[in-house]
Amino acid sequence: MNTVIYIAAAVIAVAIVAVIVLKKGKDAPKPAPAEDSGDPELYALGMNPISDKPVMYALTTCQHCKNTLRFLNEKNVVPTVIYLDEFNGSRRSDLMEKVRTYNPRGTFPVVLVPGGKVVVGYRKQLLQEALFDDAGRTA
């Protein structure tokens, strides 16, 4: 009989502790969501991509973006890379809208070459032409 009382008391004690812990979790302040995260300077450049070097809109997980960056680096071209997935909220939406002005399909990468040429995707020949042969025409 005493064993039953001890077990019941232990179950009640565990239940009380669980209620206290859960209540503290509900009352704890939650961090504000990072609505507009990302590098403000890169955001500004992404929204107004006037630069003397190429600007590349990309995603960190995109294999075509990685290949394009590797190709540019092999050619000793170091673009300013704006990774859209490093931004959240309205900043990401704004940047995506800007990308769509150059590439309505919204695919990546999008490389803006000084002089006005735009190259969409991992297209080595077009990048070669845009950077070294005939800067200024649209690809």
I'd like a table of donor-acceptor pairs (distance under 3.5 Å, sequence neighbours excluded) in which one partner is a side-chain atom from residues 99-106, with atom names and distances.
unit_1, atom_1, unit_2, atom_2, d
R100, NH1, P104, O, 3.3
T101, OG1, K98, O, 2.4
N103, OD1, R105, N, 3.3
N103, ND2, T107, O, 2.9
N103, ND2, T107, OG1, 2.8

To the nearest 0.5 Å, atom NZ of K53 lies from atom CG of L131 at 13.0 Å

Tell me whether L127 shares a hydrophobic cluster with V78, the cluster being built from Ile, Leu, Val, Met, Phe, Trp, Tyr side chains joined at under 4.5 Å.
no

Q.
Tell me whether Y57 contacts the main-chain N or O of L84 through its side chain, where contact means a donor paired with an acceptor under 3.5 Å.
A. no

Query raised in the report: Would you call the rings of Y122 and F71 parallel, tilted or perpendicular, where under 30° means parallel and over 60° means perpendicular?
Result: perpendicular

| L95 and M47: side chain to side chain contact (heavy atoms under 4.5 Å, CB included), yes or no, with the steps? | CA-CA 6 Å; L95 287 169; M47 293 306 295; 3.9 Å; yes

Please examine the side chains of L72 and K75, heavy atoms only from C-beta on, and report whether any two atoms are closer than 4.5 Å.
-> no

Exercise. Less than 4.5 Å apart, any side-chain heavy atom of T61 and any of F108?
Worked result: no

- Message: For a side chain to side chain contact (heavy atoms under 4.5 Å, CB included) check, start with the C-alpha distance between M56 and V110, then their side-chain angles and the critical distance, and finish with the verdict.
- Response: CA-CA 6 Å; M56 180 173 142; V110 175; over 6 Å; no

Let me check something: do I50 and L112 share a hydrophobic cluster, defined by ILVMFWY side-chain heavy atoms less than 4.5 Å apart, either directly or through other members?
no

Of all heavy-atom pairs linking N67 and R70, the shortest is OD1-NH1, 2.7 Å

On the six-membered ring of F87, is R92 placed so that its NZ or CZ lies under 6.0 angstrom from the centre and within 45° of the ring axis? no

### Query
Given side chains that start at C-beta, do those of I82 and V55 come closer than 4.5 Å, heavy atoms only?
yes

*Just wondering, more than 12 heavy atoms not from Q63 lying within 6.0 Å of its CD?*
yes

For side chain to side chain contact (heavy atoms under 4.5 Å, CB included), just list the numbers for L126 and E129, CA-CA rounded to whole Å, side-chain angles, deciding distance to a tenth of an Å, and then say yes or no. CA-CA 5 Å; L126 289 176; E129 292 171 6; 3.9 Å; yes

Between V119 and A130, the two heavy atoms sitting closest are CG2-CB, 4.0 Å

From the list P54, P49, S51, side-chain contact (heavy atoms from CB on, under 4.5 Å) with P114 holds only for P54

In short, side-chain hydrogen bond (donor to acceptor under 3.5 Å, both in side chains) pairs touching residues 76-85 with sequence neighbours left out are T60-D85

